[in-house]
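Taking it in order: structure first as structure tokens, then the write-up.
Counting starts at 1 for both ligands and their atoms, in listed order.
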Amino acid sequence: MTAPAKPRVLFLYTGGTLGMLRRDPGPLAPSHVAEDVLPYVRGLEAEVDVEAELLCNLDSSDIGPGHWTAMATAVARRIPEFTGIVILHGTDTMAWSACALSYMLRGLDRPVVFTGAQRPIAFVRTDARNNLIHAALCATMQVPEVGIYFGRRLYRGNRATKISIQSYEAFESPTFRPLVEMGVAIRHTGNPLPPGESGLRVTGGFESRVVVLQVVPGAGPAILDAAVQTGARGVVIRGFGAGNVPQDLWPGSIRRATEAGVSIVLHSQCLRGVVDLGAYEGGRAAMEAGAVGTGAMTLEAATVKLMWLLGQGMGGGALRDAFRVDVAGEGSAETGETAGERE
Ligand code: ASP
């Protein structure tokens, strides 16, 4: 009798602290450790056959839409050979990249799991081994979506956000239960997306002329006017609470922006809960002026979705309608009644 075939996982390396070295004196910087990651996860081969490919070697602050497209293209090219893919990535913009791939990879039927580390894999007290080994195991599970594995949980990628600079539990999923929790036992705690059935397609590019700005008590909308004047095609406004802006000047400025063809998305300064522009006067006036609310999305999910929809040539009412439709479980269609806060 032949042994059952082992799952096959590809490590797609893009950089980040995980593979960095410190050249004293100086900051952490990308190094050649990237090419030597596999020896640090020795033992994993008992459960999973692992192969590695180097895509780039960057601090993730230097990753942007061009790299998102390169990652999605590499996933589409390599995934037929594997049970799942792990993308090794810096933590700083991991949630942004995970959102981008969740929108681009239509029809995904197996896992794509981002992971990284707070300390390099060559350091004794590293979290990289734990993250990498568990991410690889998650990439063999029935979780056919883009996830982030970090600390001890697998999160839906477009629901996760980096919440800590130093903690080994660097990510949180504020409005959606984690998909898997790794303890002594492995617990499947959330509802994964259904697998795609019609084949994998990489869709769309991204509009980079998008800004995020935050409302400050008492401040007028000059910053929004300036964004429009300097060529922004989309603006994410972080209002207060359920998505409220001061009623005197902001709605007028939002109206002028939308009439000039700029798409305005209204988000919250709160981490948890669901944006509801109908709840208060300040949100309602903004909505009537042309803003669309973000529902239960993270800031990253909302901003990248705006970039992705603009990148497909959408604008105006068509973009607002498309923004409200869930693409990959990001929570845009959720309302206060349907979306639970976590815990
Ligand atoms: N600056 C690093 C990066 O995002 C931080 C990390 O990897 O955790 O690439």
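The salt bridge (Lys or Arg N to Asp or Glu O under 4.0 Å) check on R106 picks up nothing, with sequence neighbours excluded.
Remark: E145 engages R156 in a salt bridge, criterion side-chain N to carboxylate O under 4.0 Å.
Under the 6.0 Å distance and 45° angle rule, R8 counts as a cation-pi partner of F82.
With a 4.5 Å cut-off between side-chain heavy atoms of Ile, Leu, Val, Met, Phe, Trp and Tyr, the cluster of I254 takes in V211, L213, V215, I223, L224, V228, V235, I237, F240, V245, W250, V262, I264, L266, V275, L277, M287. Clustering of Ile, Leu, Val, Met, Phe, Trp and Tyr by side-chain heavy atoms under 4.5 Å joins Y168 with none of the others.
In summary, of the residues considered (T298, T303, T294), a side-chain hydrogen bond (donor to acceptor under 3.5 Å, both in side chains) with H267 occurs for T294 alone.
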Using a cut-off of under 3.5 Å, which N/O atoms of ligand 1 pair up with protein N/O atoms, and what distance separates each pair?
unit_1   : atom_1 : unit_2 : atom_2 : d
ligand 1 : 1 (N)  : D59    : OD1    : 3.2
ligand 1 : 1 (N)  : D59    : OD2    : 3.0
ligand 1 : 1 (N)  : D92    : OD2    : 2.8
ligand 1 : 4 (O)  : S60    : OG     : 2.6
ligand 1 : 4 (O)  : T91    : N      : 3.4
ligand 1 : 4 (O)  : D92    : N      : 3.0
ligand 1 : 4 (O)  : D92    : OD2    : 3.4
ligand 1 : 7 (O)  : T17    : N      : 2.8
ligand 1 : 7 (O)  : T17    : OG1    : 3.0
ligand 1 : 7 (O)  : T91    : N      : 3.1
ligand 1 : 8 (O)  : T17    : OG1    : 3.3
ligand 1 : 8 (O)  : T91    : N      : 3.3
ligand 1 : 8 (O)  : T91    : OG1    : 2.4
ligand 1 : 8 (O)  : A117   : O      : 3.3
ligand 1 : 9 (O)  : D59    : OD1    : 3.3
ligand 1 : 9 (O)  : S60    : N      : 2.7

